[in-house]
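See structure below.
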There are 2 protein chains.
Amino acid sequence: MTNKVKFERENVVRVASQLFWQKGFHATSTRDLQEAVNMRPGSIYSAFGSKEGLYCESLKDYTVQIKTQIEGFLSNADTILGGLHAFVENVVIKTKDCSPSAICMLVKANSEFAEKDSNLYELSLDLTAQFEAYLTQLFTQAINKGELSNTLTAVEYARFFQVQFTGLRGYFNRPNVEQFAEPMINQMFMLIKKL
Amino acid sequence: MTNKVKFERENVVRVASQLFWQKGFHATSTRDLQEAVNMRPGSIYSAFGSKEGLYCESLKDYTVQIKTQIEGFLSNADTILGGLHAFVENVVIKTKDCSPSAICMLVKANSEFAEKDSNLYELSLDLTAQFEAYLTQLFTQAINKGELSNTLTAVEYARFFQVQFTGLRGYFNRPNVEQFAEPMINQMFMLIKKL
DNA sequence: TTTTAACTTGAACAGTCGCTCAAAATCAAA
DNA sequence: TTTGATTTTGAGCGACTGTTCAAGTTAAAA
């Protein structure tokens with residue numbers, strides 16, 4: 001070994017992730033990225049291969065962060081549903097203003113990449129499926145612990161959660177609706193329990 | 001008068017709208033548009049001023065089309081809710097494969113334009129607010145006709161509808177989930193009636 | 001101290017972008 | 001048939017895109 005990389009890969013990916021999340025893949029130029037991560041093109045390209053490579057790593061990192069966040073709320077809550085409720089409130093209300101977008105980066109990705117054969121479209125599908133599987137695990141636990149009836153299967157609860165959560169985040173991606181967030185989130189969890 | 005325009009403005013806007021809806025604003029190049037609408041740059045720019053101008057007109061036209069579609073389903077249904085149910089089924093199930101995207105163009109616009117001060121961001125907010133107002137009218141009628149209880153106000157029903165509808169369309173913007181569409185739509189309308 | 005492989009730099013390339021405008025084509029009115 | 005305002009054409013402009021790579025810098029190993 002003769003020389004070490006100067007940048008911390010984790011930080012670079014996190015900063016890039018924020019920019020991509022905010023502006024989307026196509027509207028983010030490599031020069032935007034260079035400035036944001038304070039690296040010259042050569043370094044970026046030797047580390048990530050391409051703009052697409054960096055986006056790819058950014059999106060993967062994003063989903064890891066999300067799961068870590070959920071785990072945090074779950075470990076501080078008495079119930080699975082309580083943890084998820086706190087997580088949703090945190091995303092939709094508390095961290096809305098310091099977030100690049102109210103809309104989930106994965107949902108944005110799913111919306112942006114139209115061509116069925118593109119790498120990034122496939123990636124967004126994979127990560128989305130993984131997230132649904134993760135949610136399904138959580139709802140399996142919730143059913144087993146008796147928090148939920150088993151009139152719906154775990155995966156059906158997971159699907160319902162995703163539809164509600166995505167719908168809510170889309171709705172609150174606009175100004176002057178903050179006061180409706182709390183009641184609508186409460187309504188969402190009331191519905192889940194009553195399903 | 002000495003010469004007339006050769007193209008039909010309505011058709012051009014409709015074709016452009018399909019392309020913008022599929023690929024998004026940033027990923028659609030003016031050359032893509034030129035080919036799709038079969039016009040040379042000079043003609044496009046004299047008619048619409050800019051790429052942004054054409055997008056603007058396309059998005060406005062899209063919302064008009066949506067409202068027209070809903071009116072059609074309403075006039076063929078016995079109840080407001082029945083009409084909306086048929087409309088949602090048509091969008092999510094029947095016309096999914098011939099549509100540029102499962103996701104509403106307006107929702108895509110809202111997701112794509114991040115800068116709070118851009119014209120297109122403002123436009124998407126305006127049109128979204130207009131659509132919520134339109135839905136509120138419909139739910140007012142539904143309440144007055146006794147189709148719905150008045151435990152929720154009309155605008156609250158409208159918000160609920162938008163969250164569900166947007167969430168569902170996002171969810172079904174992926175392959176191999178078609179079989180879940182019908183039950184989830186039924187669930188959505190069951191929930192509305194029980195709220 | 002010298003060597004040397006790894007890393008960083010940034011000028012620059014080829015391609016694409018949104019857009020312009022002089023010239024050609026068009027067609028109702030004279 | 002001639003006129004002349006209007007529309008269409010498409011070559012091409014300057015800016016910007018993603019990306020490359022030769023030259024410079026770094027620091028562990030010899």
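So that the names make sense, note that chain A is the first sequence line, chain B the second, and so on, each numbered from 1.
- Note: CZ (B:R40) to C1' (D:dT9) measures 8 Å, nearest angstrom.
- Spacing between atom NZ of A:K23 and atom P of D:dC16 amounts to 13 Å, rounded to whole angstrom units.
- When the P atom of C:dG18 is taken as reference, atom CD of B:E35 falls 14 Å away, rounded to whole Å.
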Checklist entry - Which parts of nucleotides 18-24 of chain D does protein reach within less than 4.0 Å, heavy atoms only, written one letter per nucleotide 5' to 3' as B for base, S for sugar-phosphate only and - for none? => result BBBB---
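- In this structure, A:K67 is positioned above the aromatic face of A:Y134, its NZ or CZ under 6.0 Å from the six-membered ring centre and within 45° of the axis.
- A 6.0 Å sphere centred on CD of B:Q179 holds more than 12 heavy atoms belonging to other residues, nucleotides or ligands.
- For the pair A:I44 CD1 and C:dG10 P, the computed distance is 13 Å after rounding to whole Å.
- Although no hydrogens or angles enter the test, the distance criterion places a donor-acceptor pair under 3.5 Å between the side chain of B:T140 and the main chain of B:T136.
- A:M39 places its CE atom 11 Å from the C1' atom of C:dT9, with the value rounded to the nearest Å.
- For CD of B:E35, the number of neighbouring non-hydrogen atoms (other residues, nucleotides, ligands) closer than 6.0 Å is 12 at most.
- Nucleotide C:dG10 holds its P atom 18 Å from the CG atom of A:L33, rounded to whole Å.
- Close placement of the A:F165 and A:F87 rings is indicated, their centers lying within 6.0 Å of each other.
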Next on the checklist: Please determine whether side chain to side chain donor-acceptor pair (under 3.5 Å) holds for the pair B:E156 and B:T153, giving the CA-CA distance in whole Å, both sets of side-chain angles, and the decisive distance to 0.1 Å.
Outcome noted: CA-CA 5 Å; B:E156 286 169 338; B:T153 61; 3.3 Å; yes
